[in-house]
Amino acid sequence: MAVAKLVLAATSGKSSKILLGLRVLAFLATLSAAIVMGLNKETKTFVVGNVGNTPIKATFTAKFQHTPAFVYFVVANAMVSFHNLLMIALQLFGGKTELTGFRLLSVAILDMLNVTLISAAANAAAFMAEVGKNGNKHARWDKICDRFATYCDHGAGALIAAFTGVVLMLIISAVSISRLVQPNKCSISTTAATPSVVP
């Protein structure tokens with residue numbers, strides 16, 4: 001209901017301000033997700049064996065580059081952030097440029113593509129995060145979050161930000177699609193309100 005009310009409000013005269021606010025929030029969420037995951041790194045030293053009474057230590061580093069899903073996550077969130085930044089700049093500094101017709105359709109299509117992009121990235125990263133937290137006994141994949149707790153905590157924060165971005169982009173896409181039919185509604189109502197003059 002709240003989303004429906006927001007979409008209806010966005011098709012009114014306040015659509016520009018609402019859409020701008022949503023894009024700013026989505027930009028901040030996806031940018032935060034990309035930065036947190038991109039800087040996510042933890043190094044620890046473990047005892048891997050003993051020679052007599054002398055422990056043998058090895059240093060291991062966990063970072064996002066080791067997992068293709070996390071690399072895709074960072075790239076996808078960065079791309080969605082850039083898309084929203086362009087849309088924000090266009091709305092703020094576009095002057096009297098009006099998004100109508102083909103331009104409005106292009107924005108709606110780009111918004112839908114970005115929803116797909118960030119949704120796929122967030123779900124892929126969430127799958128890998130689940131494996132890192134609980135492992136997989138059937139595939140004999142060991143969990144790592146019991147050893148790299150800070151790395152996993154930062155990854156969880158990035159996932160929360162990314163899924164927040166997914167929800168915001170879904171709403172933005174719904175608003176963009178709603179704006180496609182708004183001109184038609186206006187023209188229909190104007191035509192209906194104008195009395196026909198028969199000579």
How far apart are the closest heavy atoms of [X] and [Y], and which atoms are they?
X	Y	answer
A69	A124	CB-O, 3.9 Å
A125	F70	O-CE2, 3.5 Å
A33	A162	CB-N, 3.8 Å
F64	G38	CE2-O, 3.2 Å
H138	N136	N-OD1, 3.0 Å

By the salt bridge (charged side-chain N to carboxylate O under 4.0 Å, His left out) test, which pairs, at least two apart or in different chains, include something from residues 43-66?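 For residues 43-66: E42-K44.
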For residues 65-87, pull every pair meeting salt bridge (charged side-chain N to carboxylate O under 4.0 Å, His left out), keeping only residues two or more places apart or in separate chains.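 For residues 65-87: none.
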Among L113, V74, L117, I118, find the one that has a side chain to side chain contact (heavy atoms under 4.5 Å, CB included) with M79.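 In the set L113, V74, L117, I118, the residue that makes a side chain to side chain contact (heavy atoms under 4.5 Å, CB included) with M79 is L117.
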Judged by atom type as modelled, is there a donor-acceptor pair below 3.5 Å linking the side chain of S81 to the main-chain atoms of L31?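 Yes; at least one donor-acceptor contact below 3.5 Å.
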Do side-chain atoms of N40 reach the backbone of Y151 as a donor and acceptor pair under 3.5 angstrom?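 Side chain of N40 to backbone of Y151, a donor-acceptor pair under 3.5 Å: yes, one is there.
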List the steps, then state whether side-chain contact (heavy atoms from CB on, under 4.5 Å) holds for H83 with D111. CA-CA 8 Å; H83 163 74; D111 285 337; 2.7 Å; yes
Does some side-chain heavy atom of [Y] sit less than 4.5 Å from a side-chain heavy atom of [X]?
X	Y	result
F127	V131	yes
L159	F73	yes
I88	F27	yes
D153	F148	no
T164	T30	no
I177	M112	yes

Could you give the distance from [atom1] ([X]) to [atom2] ([Y]), rounded to the nearest 0.5 Å?
X	Y	atom1	atom2	value
H66	K41	NE2	NZ	8.5 Å
L110	S173	CG	OG	10.5 Å
M37	H154	CE	NE2	11.0 Å
S119	L170	OG	CG	7.0 Å
D146	N134	CG	CG	10.5 Å

Please assess V107 against M87 for the test side-chain contact (heavy atoms from CB on, under 4.5 Å), listing each intermediate value before the final yes or no. CA-CA 8 Å; V107 171; M87 294 298 104; 4.0 Å; yes
More than 12 heavy atoms of other residues, nucleotides or ligands under 6.0 Å from CZ of F82: yes or no?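 Incorrect, the count does not exceed 12.
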Are K137 and D142 close enough for a salt bridge, meaning some N to O gap below 4.0 Å?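 Looking at K137 and D142, the cut-off is not met.
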Show, in sequence, the C-alpha distance, side-chain angles and deciding distance for N84 and I172, and conclude whether the side-chain contact (heavy atoms from CB on, under 4.5 Å) test is met. CA-CA 10 Å; N84 280 307; I172 289 171; 4.2 Å; yes
Hey, any chance [X] and [Y] share a hydrophobic cluster, counting ILVMFWY side chains that come within less than 4.5 Å of each other, even indirectly?
X	Y	answer
L28	V36	no
Y72	I160	no
L19	V167	yes

For the pair M169 and N114, evaluate side-chain contact (heavy atoms from CB on, under 4.5 Å) and give the outcome as yes or no after the intermediate values. CA-CA 8 Å; M169 285 305 300; N114 278 276; 3.9 Å; yes
